[in-house]
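Note sheet for the following structure.
Just the heavy atoms: all of them, side chains too, but no hydrogens, waters or symmetry mates, feed the values below. Residue numbers run from 1 in the order of the sequence given.
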Amino acid sequence: MLAAAAVLALALGALFRRGAAAVAAAIALILVPYLLATTSVLPVGAAQWLVRLTPAAGFAIQQSIPEYPYMTGHYAPSAGYYPLPPWGGLAVTCAYAAIALAAAIVLLRRRDA
């Protein structure tokens, strides 16, 4: 998870060519959705979709609570449950990093050519 976040931040740094902008964008993409979802600021449905669709889905690799269909429980990100399986969440974060890295490569080749 940390390696994928580092690659995402590196790609954002190459895209923006400014360190402060890259750090701010990486924090906004990774930590802000995670904090919004886990601090009960958003309703459970919105928090689950936020954790599914943003790079914060990579935090699902730390998930320790599996969802059992025969058990009733509070399956919400604020309770430590993530809607994606651990490797699925990591795949979302890696996909964001790969897309940002590909965009950075294309943009750098276009700028330097």
*Under 4.5 Å between side-chain heavy atoms, hopping through other hydrophobics if needed: is there a path connecting I61 to L31?*
yes
_Nearest non-hydrogen partners of A97 and A4, listed with the distance_ = CB-O, 3.6 Å
*asked:* Can you give me the closest heavy-atom contact between Y81 and Q48, atom names plus distance?
replied: CE2-NE2, 4.2 Å
*Return the minimal non-hydrogen interatomic distance between A28 and P33, and the atom names on each side.*
O-CD, 3.2 Å
*At their closest point, which heavy atom of T54 faces which heavy atom of V92, and how far apart are they?*
O-CG1, 3.6 Å
_Approximate separation, where rounding is to 0.5 Å, of Y82 OH and R52 CZ_ = 14.0 Å
*asked:* Could you report the tightest heavy-atom contact between V51 and P83, atom names first, then the distance?
replied: CG1-CD, 4.1 Å
*Please assess I30 against M1 for the test side-chain contact (heavy atoms from CB on, under 4.5 Å), listing each intermediate value before the final yes or no.*
CA-CA 11 Å; I30 298 169; M1 163 50 184; 4.2 Å; yes
*Can L42 be reached from V32 by stepping across I, L, V, M, F, W or Y side chains whose heavy atoms are under 4.5 Å apart?*
yes
_Y96 (side chain) donor-acceptor with L53 (main chain) under 3.5 angstrom_ = yes
*Closest heavy-atom contact between A9 and A26?*
CB-CB, 4.0 Å
_I need the L12 CG to L29 CG distance, nearest 0.5 Å._
6.0 Å
*Spell out, as yes or no, whether a donor-acceptor pair under 3.5 Å connects the side chain of T93 to the backbone of G58.*
yes
*Cluster check L2, F59: I/L/V/M/F/W/Y, side chain < 4.5 angstrom*: no
*Would you say L108 and L101 are hydrophobically clustered, going by side-chain heavy atoms of ILVMFWY under 4.5 Å?*
no
*Identify whether F16 and I27 are in the same connected component of the hydrophobic contact network (ILVMFWY, side-chain heavy atoms under 4.5 Å).*
yes
